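Read the structure below first, then the notes.
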Amino acid sequence: MSNAFWSPALARLEPYVPGEQPRGQSLIKLNTNENPYPPSPRALEVLSDPHLADALRRYPDPESGELREVIGAHFGLTSEQVFVGNGSDEVLAHSFYSFFQRDEPLLFPDITYSFYPVYCQLYGIDWRTPALREDFRIDVEDYSGAAAGVILPNPNAPSGRCLPLADIERLLQLQPQRVVVIDEAYIDFGGDSAVTLIDRYPNLLVIRTLSKSYSLAGLRLGFALGQAHLIEGLSRTKNSFNSYPVDAIAQRVAAAAICDSAYFKACCDKVIASRSWTTEALRTLGFDVVPSKANFILARPPGISAEALYRELRARNILVRYFNKPRISEYLRISIGTETEMQALVQCCKEITGKHAGGTGAL
Ligand SMILES: *Cc1c(COP(=O)(O)O)cnc(C)c1O
């Protein structure tokens with residue numbers, strides 16, 4: 001694998017491995033937490049705007065001023081409290097660079113978004129991973145003591161479990177000298193957002209994405225919300241890396257999508273309803289399903305290994321996510337698709353687990 005032209009730092013990197021994006025389309029794709037519903041029609045209208053040609057000819061607004069005002073207004077913040085980037089992954093990367101390069105280790109859960117250790121390696125940040133409880137709960141008391149900061153997704157991934165706001169507040173009080181990043185990629189599916197704490201906590205940075213709840217994973221738009229001093233820090237990093245990370249189309253489409261609150265809410269409600277239905281249906285088949293506030297569930301099948309079920313589902317053209325990692329290797333992460341897709345998934349799970357358990361799959 002090593003290459004004579006690679007620097008030693010490059011040779012040491014272990015890049016993030018994204019979920020599979022298969023080409024030919026007859027698959028039920030429940031492996032990367034995409035939204036099954038299309039983006040807002042108002043957002044798509046932007047694409048046929050004749051002014052787009054001129055917008056593309058020129059460089060975009062480097063500070064995404066209008067989009068930041070729209071996002072600020074949506075959350076009751078000023079545009080100085082909003083930073084936007086090319087997907088929340090980029091916003092995360094800038095946050096690691098801006099706030100976590102310190103002598104102490106960064107703290108995040110042992111089971112969480114696997115991009116965090118990758119950014120740590122990229123920027124030479126040491127890290128420590130307090131273990132989740134047996135039922136995949138985070139205990140915020142584990143996040144005290146000398147640290148470069150704290151980062152965690154809420155709801156967590158891939159467990160789907162969500163912390164109450166009181167716990168987030170406790171975390172902010174445990175690390176008053178350090179930035180605490182709450183990665184709210186999945187908060188729109190039923191959790192309580194920490195955005196309401198921003199005015200009271202100068203160390204809180206909330207990161208959001210349009211990839212999941214707004215059905216815009218292909219657009220690449222993420223943002224951070226926090227007090228102006230943190231946002232200014234992120235801008236310094238961005239302006240030392242790429243002045244124009246958000247293209248002219250993304251700035252306009254994102255603003256239109258965020259303004260269409262009614263459509264957004266209707267999609268989230270449908271996903272939440274399908275999540276409840278799928279959770280109940282799989283529990284009836286004997287699965288252990290971790291309670292989720294995200295657009296996915298983590299489920300352990302009865303009488304068959306998670307890896308075998310993953311393969312059997314794959315053979316039936318249903319793609320879910322299997323993690324060959326300690327503690328979660330007996331679970332599958334299943335994204336919530338349309339009602340019809342979830343019915344097909346449950347039906348296949350019933351057939352497969354029923355067969356393996358000698359016909360006890362149906363209750
Ligand atoms: C999907 C996801 C992201 C990345 O979102 P993008 O905006 O598409 O880069 C960030 N954090 C978590 C926890 C995610 O699951």
Side-chain angles (χ1 to χ4, degrees), residues 15-21 29-36 39 43 64 67 71 82-97 100 106-120 122 129 132 136 138 150-163 168 180-191 193-194 205-225 234 238 241-242 245-247 250-251 253-254 257-258 268 271 275 290 292-298 320-321 323 325 328 333-336:
Y16 176 74
V17 183
E20 202 184 333
Q21 295 289 1
K29 190 170 177 303
L30 307 175
N31 70 327
T32 52
N33 300 342
E34 288 141 333
N35 198 306
S64 300
L67 173 57
I71 294 173
V82 180
F83 176 84
V84 300
N86 188 236
S88 66
D89 285 337
E90 184 185 80
V91 180
L92 286 166
H94 288 342
S95 304
F96 277 62
Y97 184 90
F100 297 153
L106 176 66
L107 307 180
F108 51 84
D110 63 336
I111 299 171
T112 194
Y113 188 35
S114 50
F115 225 136
Y116 300 159
V118 176
Y119 291 134
C120 281
L122 183 63
T129 55
L132 298 184
F136 300 117
I138 291 172
V150 176
I151 182 164
L152 45 92
N154 198 43
N156 194 13
S159 71
R161 274 198 184 276
C162 194
L163 286 174
I168 303 292
V180 173
V181 172
I182 307 299
D183 181 350
E184 292 192 338
Y186 302 104
I187 199 73
D188 295 320
F189 301 106
S193 171
L205 191 71
V206 175
I207 295 185
R208 294 285 193 105
T209 175
L210 299 195
S211 296
K212 278 84 184 219
S213 53
Y214 284 87
S215 308
L216 287 168
L219 190 72
R220 310 307 303 132
L221 199 291
F223 54 95
L225 307 170
L234 290 172
K238 168 229 162 213
F241 181 77
N242 176 3
V246 182
D247 67 71
Q251 289 186 31
V253 173
I258 288 166
C268 291
V271 169
R275 180 185 69 208
V290 181
S292 169
K293 291 266 189 210
N295 67 337
F296 57 82
I297 50 175
L298 191 67
V320 299
R321 192 84 187 259
F323 298 97
K325 284 186 183 172
I328 51 171
R333 192 195 67 189
I334 304 166
S335 307
I336 302 300

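Fair warning: this is a prediction, and the values are worked out from it, not measured in the lab. Every number for a ligand or one of its atoms is a count from 1 in the order of the listing.
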Exercise. Applying side-chain contact (heavy atoms from CB on, under 4.5 Å) between Leu205 and each of Leu225, Val180, Ile182, Leu234, report the one that passes.
Key: Leu234
Quiz item: Tell me, which protein residue and heavy-atom name are nearest atom 5 (O) of ligand 1, and how many Å apart are they?
Solution: Ser88 OG, 2.9 Å
Practice problem: Specify side chain, backbone, both or neither for Ala185, according to which of its non-hydrogen atoms lie closer than 4.0 Å to ligand 1. | Solution: side chain
Exercise. Specify the protein heavy atom at minimum distance from atom 11 (N) of ligand 1: its residue, its atom name, and the distance to 0.1 Å.
Key: Asp183 OD2, 2.7 Å
Exercise. Identify whether the distance between the nearest side-chain nitrogen and carboxylate oxygen of Asp188 and Arg208 falls below 4.0 Å.
Key: yes
Quiz item: Which ligand 1 atoms does Gly87 reach within 4.0 Å, using its non-hydrogen atoms?
Solution: 7 (O), 9 (O)
Quiz item: With a 4.0 Å cut-off on heavy atoms, is Lys212 touching ligand 1?
Solution: yes
Quiz item: Do Lys212 and Thr209 have side-chain atoms, one donor and one acceptor, less than 3.5 Å apart?
Solution: no
Practice problem: Check ligand 1 against Ser211 and write out every atom of the ligand that is under 4.0 Å from a heavy-atom position of the residue. | Solution: 6 (P), 7 (O), 8 (O)
Quiz prompt | Between Tyr113 and Tyr16, ring centroids under 6.0 Å | solution = yes
Self-check item: Within 6.0 Å of OH in Tyr97, more than 12 heavy atoms from elsewhere
Solution: no
Practice problem: Go through the steps for Ser114 and Phe323 under the test side-chain contact (heavy atoms from CB on, under 4.5 Å), then give the verdict. | Solution: CA-CA 11 Å; Ser114 50; Phe323 298 97; 5.6 Å; no
Quiz item: Who gets closest to atom 15 (O) of ligand 1 by heavy atom: Tyr186, Phe115, Tyr113?
Solution: Tyr186
Quiz item: Got the closest protein heavy atom to atom 9 (O) of ligand 1, with its distance?
Solution: Arg220 NH2, 2.7 Å
